[in-house]
Amino acid sequence: DAVRPPMMEATLQENAMPRMVMIAAVIMLGTLSLAQTSAPATMTADLPWTEDYAAAVTRAKQDHKLLLLNFTGSDWCVPCKALDRLVFATPAFRTWAQGKFEFVTIDFPARTQQDPAIKERNQKMKDDLKVKGYPTILILTPEGKELARTEGFEDNVTAAQWLDLVQKQMDKNTAGQ
């Protein structure tokens, strides 16, 4: 075994310390960015999302708005997270949706604790509205008439394409009203 001179050993230790600090910083930044991207946009966007469907219906009736229901698996559903990030978090969506809707999140989380009453209510809504998967977006009148539905989400769809699809469904289902 070769013996390193004391001066060389000290230099190796000095070089290792900045490298370890840099590695720790990269790990911390990566963890922070993952935490930010995993939060559902429906909970962080500057639109007023709620889980209270009954209150949203009341406000929609009072303010002559529609309901936009987002059936999601916020903490596990990859297409749901993509829809949040690529559509709901965009300026195009905010411009299109502002003033038109009451926004309701109907969440089915896998890891996040959820009040049993909310869990039961969400399951009943899923069954009543015949939601088969996530994400499913429904646009309803306050009286419950369905104007648009999207099921699933492909991350190669742009916000403009998604908005066009939904708007065409809405136009078709409100023609003559």
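Listed for the Asp75 side chain is a donor-acceptor partner under 3.5 Å among the backbone atoms of Arg111. Not a single donor-acceptor pair under 3.5 Å links the side chain of Asp63 to the backbone N or O of Lys65. For the pair Gln169 (side chain) and Val166 (backbone), a donor-acceptor distance under 3.5 Å is absent. In terms of modelled atom types and a separation under 3.5 Å, the side chain of Thr90 and the main chain of Val87 share a donor-acceptor contact. A donor-acceptor pair is defined here as one N or O able to donate and one able to accept, closer than 3.5 Å; no such pair exists between the side chain of Trp96 and the backbone of Pro91. In this structure, Thr105 contributes its side chain and Asp107 its backbone to no donor-acceptor pair below 3.5 Å. Checked by atom type and distance alone, the side chain of Lys145 pairs as donor or acceptor with a backbone atom of Asn173 at under 3.5 Å. No donor-acceptor pair closer than 3.5 Å links the side chain of Thr136 to the backbone N or O of Lys132.
Other residues, nucleotides and ligands contribute at most 12 non-hydrogen atoms within 6.0 Å of the NZ atom of Lys119. Glu143 CD: more than 12 foreign heavy atoms inside a 6.0 Å radius.
Sorted by first and then second residue, the disulfide (SG to SG under 2.5 Å) pairs with a member in residues 74-170 read Cys77-Cys80; sequence neighbours excluded.
Note: Ile139 CD1 to Leu68 CG = 4.5 Å, rounded to the nearest 0.5 Å.
With side-chain heavy atoms closer than 4.5 Å counting as contact, directly or through intermediates, Leu165 stands alone and belongs to no larger hydrophobic cluster.
Ring to ring, Phe88 and Phe93 are close: their centroids are under 6.0 angstrom apart. For Trp49 and Phe101, the distance between ring centers is not under 6.0 angstrom.
No hydrogens or angles considered: a donor-acceptor pair under 3.5 Å links the side chains of Asp127 and Gln123.
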